[in-house]
Amino acid sequence: MTRSGRQGDEPDGPTGRFADDLIGLDPHDPEAQAFAEHLDRVERSQSRATVEGMLQGVEDFAQSANRAGGRRRLAVAVVVLLMLVGVGIALWDAVVFVSGVFFE
């Protein structure tokens with residue numbers, strides 16, 4: 001049965017994994033949806049020993065960075081830039097080493 005008495009309209013309450021935590025919240029409210037996503041991230045078991053687990057962590061970081069603003073967004077940009085510089089230096093050293101071995 002539904003709130004309005006007709007079937008097919010709005011369900012009686014939230015369903016799914018976090019139904020108890022979302023009672024009284026509008027399931028179509030963006031803040032309630034963000035809260036449910038937050039609960040999902042908190043309770044998700046992540047294995048960092050797999051490629052999928054590591055990529056999931058990168059996805060969470062990227063989503064958090066997109067929601068950040070102001071100084072936090074600048075800090076995220078600096079961290080990402082430093083990571084890219086580190087990867088670039090490591091790749092350059094590898095190319096120089098390999099070319100030195102093969103062309104010596």
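Given the structure is predicted, the values throughout are model-derived calculations rather than measurements.
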Exercise for review: Determine the minimum heavy-atom distance between Val76 and Ala65, stating which atoms define it.
Suggested key: CG1-CB, 3.3 Å

Review point. Are Phe35 and Asp29 close enough that some pair of their side-chain heavy atoms sits under 4.5 Å apart?
Key: no

Practice item. Measure the spacing between CZ of Phe102 and CZ of Phe97 and express it to the nearest 0.5 Å. Key: 9.5 Å

**Study point:** Connected via hydrophobic side-chain network under 4.5 Å: Phe61 and Val78
**Key:** no

Exercise for review: May I ask you to check whether over 12 heavy atoms, not counting those of Arg67, lie within 6.0 Å of atom CZ?
Suggested key: yes

